[in-house]
Amino acid sequence: MTTANHRDAPPPLSPDDIIRLAQYHTTAPLHPFLLSPTSHDTLVSHLNTLSPASVSQYASALISLFSPSSSPSTLITPLINSYIDLFNSNKIPRDRNSFKTIQLFSAHLDNIPVTELLSISESIVCGFPQINSDPDEAQLLDLLPKCLHLIFNSIETDKPRNLVNSVFDRILDCQWSGVLLVKLVSVIREFHFVDKLRFRRFAEKVFDEMHCVELQDLPSLVYQLLVLASKGFNKREVIEGIVMFFGTKMGLKKASSNIIREVEGTVLLHVNFAVKQDPSLGQEVMGLVRSNIRVIDHFVVGLLLSIARIKRYSESSMGTLKTALSIAYKDYKFSGQCRWLPDALKKEYLQNAILTEAAVLRAVNESNYGREHIVPSIVRLGFVLLESVEEMNHQELGNTGLVGSQELGIQTLKSLFEVHDMARNEIVEQCKFRILSLKPEQSLAIIRLLGNLVKDYPHPMLEYISHLKELLDYFGFMQSKVAYHLVNVLLPLIKFSNNFQDYIILVVRKAMFRQEDQIRLAAAGAIINLIIAEKRSKQSKQCFYQESSSQASSSQAHEVPLVPGSDLFKELSGLLQRCLYQQAKMKEIIYKGLLKLVLVDPLTAGAVFDFLLPHFLKFYKEDGQLDITQCVKSDNGKLCTVEPLDDLLSCVSWILLLQSPAKSDVHPNTWASFGFSLTQETQAQRAHSGELFSSALSTIRKLISGNLEGLLGKANDASLTSQHVERCKYSGHILSGVIKVILNTVATELEKAANDKKIELEKEFVALVDLYMSLDKNTTNHAQNTQNDSTRKGLTHSTAADPTCKNESENMKSNEEKASVLATSSLCQLFRTSFELYKHDVTKSKLLSFVLNAILYQIKSFAYVAKDDSLKGLIYGDIKVLGPPMLKLIWLLMKKETKSKKDNGDMKSLFLLALMCLKELVIVNSHSPEDIREIEEMLSDSVGEDVVDSESDHDYQMKEIDNEREKLLITKFVKPLFSKFFHAKFFQEAEILCDIAKLMGSNILGSWAIHVCKSINIANPKIAKSIVTLALSCTQAPNDLIVAQEMSMELAKSRKSPSENSEIYAIINCSTESAIVTGLLQLLESVIADIDRLSMKLKTCLAGAYNDGKHNLYFTLEETLYQRAEAVVELLSSFVVMSLKDSVAEQLLKLVTKFYKNLARISKSLIAPKGCKQILPSLKCQKLVEVTCKQLTAPLYIFVESMQQNQKENRASKGMMINKIKRENKCIPDLIFQIEDYEKYLILLSKATKTNLLRHAKRSTARDFRITEPQNIPQEESRPNQEPLVGLQDNNTHQEDVLNKEPQNDDLVQDSDNAETGTPLAADDSDSEDENIILNSKRSRIVYDSDDEA
């Protein structure tokens, strides 16, 4: 029997037999040995006996013999488990055979029981630690999705979801290698059963471990993540994770920077493609950047530039980048202006702005590493930045490391022009198009870019000469300033291209014949600059063919240099002669330009004299007199200046002074600063015309004071018409300029004169000043007398300028339009002379008065001269040298004893002028802390030794301050001067002194000003306001509002008892109350403006805090804001109890309305957005609400009711007040609305946090309105167009119910998912709705208490 059974058993098959059988397997029945259950163990055991290389081949052969629908589970299950064990134990190779085997296993998983599937899944997860570096090590993961899917859909278990969740949790808890992470991301899309929470955890895990992935695997990994995101897999988390990884963690990888850039470029291409396929991904990118400005880095910039290539997101991407930069600049600018912002936040804002700029520049510099597709976007971004409004000026940028938006745009396009040849043509074309189409202010920024390209890359720009010529063809049609600067920036190219120089000459020559005055002026300036540029190009030693890295294409340039022997000045002298026959403004340009030409090339002085002499002789008589009357033209009864003779003589005088061998000491290092020195050869080049000019100037100097009437015409004749007197006025203005030219020469000679020569020059100086004074006095008196005669006789002669002379119709030109004639060094010398004369004779005060007026003009005009103007160094020099003479005069006047009323008036005038000069000097040099420090040192170093500190024992001096410079500034300068002015009743001078001290901004000055407020009884309102303003502006926060509150409380007491002065602040009295109130309200206005800016910023800051779920730096901003707002509440509360004038009350209501609007915005931002956990209000926030309700809101209602009652009483008796009442009552509805809006958000916040924030709030009848008919209105007020008046009615019950109802409700929730008003969108919409409500309300009606409430 046993023998028979053995004979019936199927013969066993060896592994080789099974492999051969699988190779030739057909549809024939399987071998009986394979179907026998008793043989399955044997078949599985072969896996352990075969060589490692044959295991996968055997397993795939065995599994392929069975169809997926009929495979026996008793064989498949142990076979897979055994194979997984061998795979995990690294006993078999991971290659194509193993991959094929695993794919065959996947088809048979449907026949395996759930319990076995769970075991298989657990085995696969257990092998995760063995997956390290080879992607084939993760082949088993292909089985995992199907295993878990079968378990999840199985009905054999009660809780299949729990089973798969437990397996997935084990996956999340494992340590992932880079290979495992990439494989998991590729298969996670098949995990359809995983809930959103676990998907979010998976995404967090991916980006936490992403640093382990090899660089070459990152692009494919990102693409897989983007595919997942496009299918709804946590889009926001995926986009944010990609952005944060490549922005911050990518740089930590140890690899070549070039390789990293190439990888990032590939990733940007993947993102670009993904956004094209799924536009919602682009929206997520935009939303991420807009919601959190802190994520701006080089990768984000590159990402936005890449997305900008998609037409749908072109505008929004550029707008997002521009907005991010603008916000960074505005935040930094605000941090510098806000005195109470914490230093940590100021550093944060500065660092954020610096990093944002660096991110843009880095993205641009890396554009040639696999991301050439963003080059067009970079070009567009550069021009967008150039056209944007500059948020900060150069003084605000200072040494912070910031460059500003326009300079950033220039650097962006310059970098692109240097690196990408394909972008050059586009940049030049865009420059041409935008210069012609944009507004002048924006065009100037583009011209700056063009100038930088010409200066730094001249040879590449030569390839685009044709484009530049096309641009120059529009010279005559441009705005004059644009046309002038365009030619100026292109001039460096003329030394490389003779043809281009000739074309510029042709263009400006055509422009000289146009009708527009401004274009002709621009052409004249262009001609001068062209001649100067040609002179400089000759002096340059740089070889035309010198190669550099920035001139790679210079070999292709076919232009030749200019001919060395050519003289452009002589060639264009005919065109310049034409300029001398046009309006005076053009002549001024020519005269200044010729002086600049001599500064560049002194050898041209003779040619310049030859050029000017024939023109000068038209106004110079043979007897040595000037024919000034010929400088003024009358056309149809209208006057205008046709020849600025003073400018002509100034030009000639300066050239002669510069040619003088002894002029080396006129201004130290003057010639060295221009790069050359005058030699004997230069003197030999002086032509005969120069000698004639020198002789003419000497003659004019001798004869100018002899015949004033002959110079100006007969002005004393009573029969002269107003036009003749007006002509004298014009001539007098020209003559006054000539006198200043002569004084400049006199000052130069005084520097080196001695003994008798010096006395003679001093007398000449006195005579010239007398002439100047009498000239000014005579022309003024004649003009007044003629005007009176004309009025009596009914004369109406027009003195308006001729349209052809409109550029010079105003002869008394402002500082902005005309530079100074006198040099700074000459003014110093004239001041020293007049100072010495005044010390011995006080009647010489007119000399000092003249010089001080000239110095004041000099300082004011200094700010309007361009930095690159070559005349600035010659004429103005170091403007700060004018400071010590002013201080020297001030100390002298301090010691002077006045013996008469006239002497006192002269002293007062000199004090005023000296302080005005000093103030303007401080303003000019107050652009940086370094300049302020220099001014403070100058003030402290110039202190008189005999100035005694009479109040050295007072506490206000703050002995703990170690800065001796600040102590000297207050004790030796400000305090003695103020005491002098106060006792001498020089009130205007005291105001200017306070302005100077305010510009210094020292804390100890604030302490001194507070001491003055407490100790000195000042009756002058202007002085009182200046001192109070100084005290508050120089006191650091939060002490400034504390001092303001103390003053306001004293004001409130003083108003209750007008006859009594304040016991604490002596400055508060009945005559200064109004002025001090105005000063305090101005402080409040500035503080509320700062709060307004920060309250808008708080919304974004708190949104980031909600997302972080932890304390960050921006909570410091919140706490600071609450402290400042609480101080404002306390200060406002002291005002609402006062009885204020109508205009002051109106201003107060506007400030309170704006403050409540900010409180409403802050409360609104504290409500968590939908889906975010609500953060409880801080204790400071709750204290702010309590203080506001108790100290401000309740008294404010009484204040409003009092105002309305006063209006009701004055309505019948003062009909003239009705318009003022209407204006004031526009503020009341706005105020009530803002209070209601604020408390509405407090109610919502109370609901969300289960905190009753309004427990201290009280209702008032001033909150409710009803329409009532007016009664007993005077007849003049009862016109048909008058609107009905608005009354008040008490309706508190319902509102109190709403207030008290919600906080006790058991349905209050901590998570505000269902609060629609908590979403950011709803928050934005409600602001606009609130504004519409205010605008649509009938606020022009008069509001007063109704009779029913009386």
Under the side-chain contact (heavy atoms from CB on, under 4.5 Å) rule, what do Val1144 and Ser1074 come out as? Steps first, then yes or no, please.
CA-CA 9 Å; Val1144 179; Ser1074 299; over 6 Å; no
Within the structure provided, determine whether Val1012 and Lys975 are in side-chain contact (heavy-atom separation under 4.5 Å).
no
Is the closest basic N to carboxylate O distance between Glu836 and Lys758 below 4.0 Å?
no
Between Thr824 and Gly877, what is the shortest heavy-atom contact and its length?
OG1-N, 4.4 Å
Between Ser650 and Tyr591, is a side-chain contact (heavy atoms from CB on, under 4.5 Å) present by the stated rule, with each step listed?
CA-CA 9 Å; Ser650 176; Tyr591 299 151; over 6 Å; no
Interatomic distance, NZ@Lys919 vs CD1@Ile996, rounded to 0.5 Å, equals 8.0 Å
Note, Leu889 side chain near Leu852 side chain (heavy atom, < 4.5 Å)
yes
Quick check against the 3.5 Å criterion: does Asn1069 have a side-chain atom that pairs as donor or acceptor with the backbone of Ile1018?
yes
Answer yes or no: is there an ion pair linking Arg701 with Glu764, defined by an N-O contact shorter than 4.0 Å?
yes
Worked check of side-chain contact (heavy atoms from CB on, under 4.5 Å) between Asp906 and Leu848:
CA-CA 10 Å; Asp906 292 340; Leu848 277 175; over 6 Å; no
Specify the closest pair of heavy atoms between Leu639 and Val632, including all atoms of both residues, with the distance to one decimal.
CD2-CG1, 4.3 Å
With a 4.5 Å heavy-atom cut-off, do Tyr838 and Leu892 have their side chains touching?
yes
Which of these passes side chain to side chain contact (heavy atoms under 4.5 Å, CB included) with Tyr1065: Leu1051, Asn1017, Val1043?
Val1043
A side-chain contact here means heavy atoms from C-beta on lying under 4.5 Å apart; do Lys763 and Glu760 qualify?
no
Minimum side-chain heavy-atom gap Ile855-Met886 below 4.5 Å:
yes
Should the ring pair Phe986 and Phe981 be called parallel, tilted or perpendicular, given that the plane angle runs from 0 to 90° and is split at 30 and 60?
tilted
If you compare all heavy atoms of Glu588 against all heavy atoms of Pro644, which two are closest, and at what distance to 0.1 Å?
CG-CG, 3.7 Å
dist Ile1010:CD1 -> Leu1032:CG (nearest 0.5 Å) comes out at 7.5 Å
Determine yes or no for a side-chain-to-main-chain donor-acceptor pair under 3.5 angstrom, with Ser1026 supplying the side chain and Lys1022 the backbone.
yes
Are there over 12 heavy-atom neighbours, none belonging to Lys980, within less than 6.0 Å of that residue's NZ?
yes
Testing the basics here: between Leu1083 and Ala1044, what is the closest heavy-atom pair and its distance to 0.1 Å?
CD2-CB, 3.8 Å
Does some side-chain heavy atom of Leu882 sit less than 4.5 Å from a side-chain heavy atom of Cys917?
no
Spacing of NZ belonging to Lys908 relative to NZ belonging to Lys985, to within rounding of 0.5 Å
11.5 Å
Electrostatic pair Asp770-Lys846, nearest N-O below 4.0 angstrom:
yes
As an exercise, state the distance from CG of Leu887 to CE of Met894, rounded to the nearest 0.5 Å.
12.0 Å
So which of Tyr864, Tyr857, Phe862 actually passes ring-ring contact (aromatic ring centres under 6.0 Å, His included) with Tyr876?
Phe862
Taking Gln858 for its side chain and Leu822 for its backbone only, find out whether a donor-acceptor pair lies under 3.5 Å.
yes
Enter the distance from Leu918:CG to Leu999:CG here, rounded to the nearest 0.5 Å.
10.0 Å
Just how far is it from atom NE2 of His1011 to atom CD1 of Ile1027, taken to the nearest 0.5 Å?
11.0 Å
Do the side chain of Asp841 and the main chain of Leu837 share a donor and acceptor less than 3.5 angstrom apart?
no
Determine the minimum heavy-atom distance between Ser731 and Thr629, stating which atoms define it.
OG-CA, 4.2 Å
Quick one: does any side-chain atom of Thr1072 pair with a main-chain N or O of Ile1067 as donor and acceptor, under 3.5 Å?
yes
May I ask you to establish whether Lys844 and Phe835 are in a cation-pi arrangement, using a distance under 6.0 Å from NZ or CZ to the six-membered ring centre and at most 45° from the ring axis?
no
Could you check if a side-chain atom of Phe973 sits within less than 4.5 angstrom of a side-chain atom of Leu993, using non-hydrogen atoms only?
yes
What heavy-atom pair brings Pro884 and Lys880 nearest, and what distance separates the two atoms?
CD-O, 3.5 Å
Carefully, step by step, assess Phe765 and Leu743 under the rule side-chain contact (heavy atoms from CB on, under 4.5 Å).
CA-CA 7 Å; Phe765 167 48; Leu743 281 172; 3.5 Å; yes
Residue pairs meeting side chain to side chain donor-acceptor pair (under 3.5 Å), one or both in residues 735-745, sequence neighbours left out, come to Ser653-Thr745, Asn744-Ser826
Got a donor-acceptor contact below 3.5 angstrom from the Thr1029 side chain to the Lys1025 backbone?
yes
Can you check whether Leu648 reaches Lys587 side chain to side chain, under 4.5 Å on heavy atoms?
no
Spell out, as yes or no, whether a donor-acceptor pair under 3.5 Å connects the side chain of Lys872 to the backbone of Val865.
yes
